[in-house]
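Input: a single structure, listed below in structure tokens.
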Amino acid sequence: MTQESDFSHLSLLDLFSMEVKTQGAMLSDSLLALETKPNPTEELAALMRAAHSIKGAARIVQIDPAVTLAHKMEDCFVAAQSGTIALTAANVDVLLKAVDLLVQMAETCVGNPEPQFDDRSIEDLVSAIAAIISNPSEAGEQGSRGAEGQGSRGAGEAGGVGGAGGVGGVGGVGEKEELIPIASYTVPNTQYPIPNTQSPIPSTQSPVPSPQSSDIVQNRVVRVNADNLNRLMGLAGESLVEAKWLEKFADSLLKLKADQLQLSSLLDALQVLWENEENGNQHHGNGQIEEKMSIARQTASECRQLLSDRHNELELFCQRFSNLSDRLYRQVIATHASPFADRGQSFPRMVRDLARELGKQVNLEIIGKSTLVDRDILERLEAPLFHILRNAIDHGIETPQERLAVGKPEEGHIRIEVMHRAGMLLITVSDDGRGIDMEILRQEVIKKNHISPEIATQLTENELMEFLFLPGFSTAKTVTEISGRGVGLDVVHSTVREVGGTLRAVSQPGQGMTFYLQLPLTLSVLRTLLVEIAHEAYAFGLARIDRVVMLPKSEIIVSENQPFFMLNDQPVSLISAHQVLELPAQNVDKEFLPIVIISDGGTRITGNNRLNHYGLVVDRFLGECSLVVRPLDPRLGKVPNMSAAALMDDGSPVLIVDVEDLVRSITKVLASGQLSQINQSSNQTAIKTYKRILVVDDSITVREMERKLLENNGYKVDVAVNGMDGWNAVRSGDYDLVVTDIDMPRMNGFELTTQIRSNGKLKHLPVIIVSYKDREEDRIQGLEAGANYYLTKSSFHDSTLLKAVIDVIGEG
């Protein structure tokens, strides 16, 4: 960019803080590179220049401790350049601590005209660096001791730039420094803006990026207010909407053109009829009518030509305007993206420090540093990726001795790969460590009582890996400061889902572990499914929808007053979108119901319960659409079940559903038991004066209890003493409902229900199973056999049976 940023409102201390943070990133990158390059000539030169720049800037603002520390660092780098000393890993530890302390000092200066520093920590580090210059072999231990308590911020953390602060009087500069305008710098793209020529910062020469960062996009950075950027994105979205309107307007002109052609044809036909009538009557006719018809034909021809010309011009304009709107839209979206390296630059330092702390050797490789990522996503991914890397180093990568023992190189390898693929952002994090033993994981799942041993033996590797993402789950045998408390991967999983992505883990025992993060390219544009509910459009993010189906009413099953249907051998609870969103109900009798299937956070197995999917019944599907997301006015507070808004192609507003919130609302409605019923079938028997019910049970006590309960509520009831008796009765009688037990002689309730469903005349006859068996397996078997309800015999005491009967065939 060529536009200069205005930093006139910033104090010199604020500018000093920005300078130190920029140069500090350069120092950290180059110091890490020293350990991997045998001849780091360019890195040492960059280190010397960065330290010299910080020293000069500190002298300008009279931060003498920073001048002293940066000067000593510069001396150390000069000595390394000349070959007087060779910097070891222990020496790099000391120098990295010095970088951290300089950044801390810079942060203290923000908005603080009289900053205070820990002089003891600074003196200890200056002494440690001096020891490196005089005796490198002993300096590492001394530096570690001296830096204790100096409050290093830890790898990868970066403070934000605060507001402007005052600065005291600036005294004279001791050593003469060359001043050059910072606008002529060439610096790596960072989150900090670069001051303009009106705010000079001292330096002897421009910092040069290290070679390993050459694939990062080099660019100027300016500050843009977040609200301004959001408004700009909104305008870009509106321009797309207007472009769509032009296309529809052009289509309407085509219709007008067709009407003009039809009018011309009618005039021609009328002319023919007139001429025929003239010839038949053998007179010349009315000359005035003929003249007017001629004029009408000519006018119609001119209108047709004019309309055709204008339509062609409008089509060309539509193409240009649509192209321009699309380019504007894409450019605005690009302003909301940053290279992955902007947030990933702290990872190498963190990996190095943690590996050294654990006595391991680990090399981190990052591929795709320049891949553009939505800044909102990038910011939220920093902590999850940190957790994955930490777990890889602590749990995955073995010690050098262990690696050598199994034939691996001493140094472990972690690889982060970032790329765009199929319209999504794919981040892969892999290591070549020990991986996870599936049997150990299986036993750990059983030990923590997540599932029974019987079910655990049936789980696939993919299902087992899902348990790693449960809160509090850990396979670590000991708890340390680094890990073992079960905190980490659950955070990764929840964060990825919050931004509309998916997370998958794959392990190869003895060879390593790989995490696959698939995320949207941007949070500003959302690919959605539009549905209609109560004559209004609503949008569901496609990433949060498991599936959509058109469900025949005949496949709806009701159990304990809860309608659901079977999908891939799993029950999916049904609920009306009208009830969840508290909208007016629609009394429309449809043979097929449009269903949006959503889940409560995954397909993990918890105990014996797999009912974690919900089918939301909507009025109709409107199709897929890409929407520019616009935040709701904060004055509205949290709008229940909604996350944002957007404009559709025709300019009408649409609310975007917050699926996480919607699932919570569905859970509350289901727990209340106050469900509005979804009609099961259009083939239900018409209402009669008396509705007949057949009760089938081999227990006389149960038969009579059910008979009296139903007869007292206006139903006509017949009884059968076993399944075969019931089968004979149902074929010879005319019943509205069958209520049957399971365990009976000659034919059990499952067999009776199956027989009814396989009979062409009886297949629509409702069946309610009432049994003492309350196991989930029996319930599923009964519903799969075709029962509409499955109740336990305790239901007599809370009138659930009567409610179920009313729901199926109405009141008696």
Side-chain angles (χ1 to χ4, degrees), residues 452 454-455 554-566 569-571 573 607-611 680-681 691-711 713 715 717-733 735-759 762-809:
S452 65
E454 293 77 17
I455 293 180
S554 59
E555 294 186 10
I556 297 177
I557 307 166
V558 180
S559 175
E560 302 286 353
N561 204 38
Q562 168 62 61
F564 65 94
F565 71 102
M566 303 300 295
D569 298 325
Q570 296 297 319
S573 300
N608 292 326
N609 184 15
R610 293 174 182 253
L611 288 173
Q680 287 180 243
S681 174
K691 294 175 182 175
R692 299 185 62 197
I693 299 176
L694 176 66
V695 173
V696 186
D697 202 302
D698 61 335
S699 168
I700 187 173
T701 303
V702 174
R703 284 200 310 268
E704 287 304 304
M705 183 183 296
E706 293 179 353
R707 184 181 64 79
K708 290 180 180 179
L709 173 66
L710 296 172
E711 286 183 344
N713 284 276
Y715 298 95
V717 181
D718 294 335
V719 296
V721 297
N722 56 52
M724 184 57 71
D725 187 26
W727 175 234
N728 292 331
V730 79
R731 285 184 294 172
S732 58
Y735 295 101
D736 301 282
L737 173 67
V738 173
V739 178
T740 179
D741 185 21
I742 292 179
D743 292 327
M744 298 180 294
R746 302 184 66 190
M747 179 185 290
N748 63 36
F750 294 146
E751 295 169 341
L752 174 60
T753 304
T754 302
Q755 289 289 342
I756 291 173
R757 289 289 172 259
S758 61
N759 185 282
L762 301 174
K763 62 182 179 180
H764 297 298
L765 176 63
V767 176
I768 294 178
I769 292 179
V770 182
S771 172
Y772 285 114
K773 292 186 173 182
D774 58 359
R775 296 186 310 165
E776 185 68 15
E777 294 87 346
D778 296 317
R779 182 187 302 273
I780 295 298
Q781 185 178 355
L783 296 175
E784 288 181 340
N788 300 75
Y789 270 87
Y790 187 105
L791 307 177
T792 60
K793 292 190 175 179
S794 61
S795 302
F796 301 148
H797 306 291
D798 60 5
S799 68
T800 304
L801 172 61
L802 184 59
K803 291 180 181 177
V805 172
I806 293 174
D807 179 55
V808 173
I809 62 173

Whether the side chain of R757 engages the backbone of G786 through a donor-acceptor N/O pair (distance < 3.5 Å, no angle test) should be reported. yes

Quick check: does any side chain N or O of R779 sit under 3.5 Å from a backbone N or O of Y790, one acting as donor and the other as acceptor? yes

Nearest heavy atoms of F564 and P571, plus distance in Å: CD1-CB, 3.6 Å

May I ask you to test the I809-Y735 pair for a side-chain heavy-atom distance under 4.5 Å? no

Do you know the tightest heavy-atom contact between N728 and R731? OD1-NH2, 2.6 Å

If you take all heavy atoms of A785 and T753, which pair is closest and at what distance? O-CG2, 3.6 Å

Got a second to check how far T800's OG1 is from L791's CG, nearest 0.5 Å? 7.0 Å

Contact check, side chains of D718 and R692, non-hydrogen atoms, under 4.5 Å: yes

Kindly indicate whether the side chain of N713, heavy atoms from C-beta on, has any atom under 4.5 Å from the side chain of L802. yes

Let me confirm one number: the CG-OH distance from L801 to Y789, rounded to the nearest 0.5 Å. 10.5 Å

Closest contact, heavy atoms only, I556 versus P563: CG2-CB, 4.0 Å

Measure the CG-OH distance between D743 and Y772 for me, rounded to the nearest 0.5 Å. 11.5 Å

Got I806 and Y715 here, is their nearest side-chain heavy-atom distance under 4.5 Å? yes

I need the single residue from I742, T740, N722 that forms a side chain to side chain contact (heavy atoms under 4.5 Å, CB included) with L752. Which is it? T740

Minimum side-chain heavy-atom gap L783-M566 below 4.5 Å: no

List the atom of M747, the atom of E751, and the distance in Å for their closest heavy-atom pair. CA-OE1, 3.4 Å

Would you indicate whether the side-chain heavy atoms of V721 and R703 approach each other to under 4.5 Å? yes

With rounding to the nearest 0.5 angstrom, report the CD to CD1 distance, Q781 to I769. 8.5 Å

Could you point out which residue of V738, V696, D725 forms a side chain to side chain contact (heavy atoms under 4.5 Å, CB included) with V730? V738

About how many Å separate CD of Q755 and CG of N759, when rounded to the nearest 0.5 Å? 8.5 Å

Closest heavy-atom pair, R707 versus V717, reported as atoms and distance to 0.1 Å, is CG-CG1, 3.8 Å

Look up atom CG in L694 and atom CG in L765, then write down how far apart they are to the nearest 0.5 Å. 8.5 Å

What residues, two or more places apart in sequence or in another chain, satisfy salt bridge (Lys or Arg N to Asp or Glu O under 4.0 Å) together with E784? none

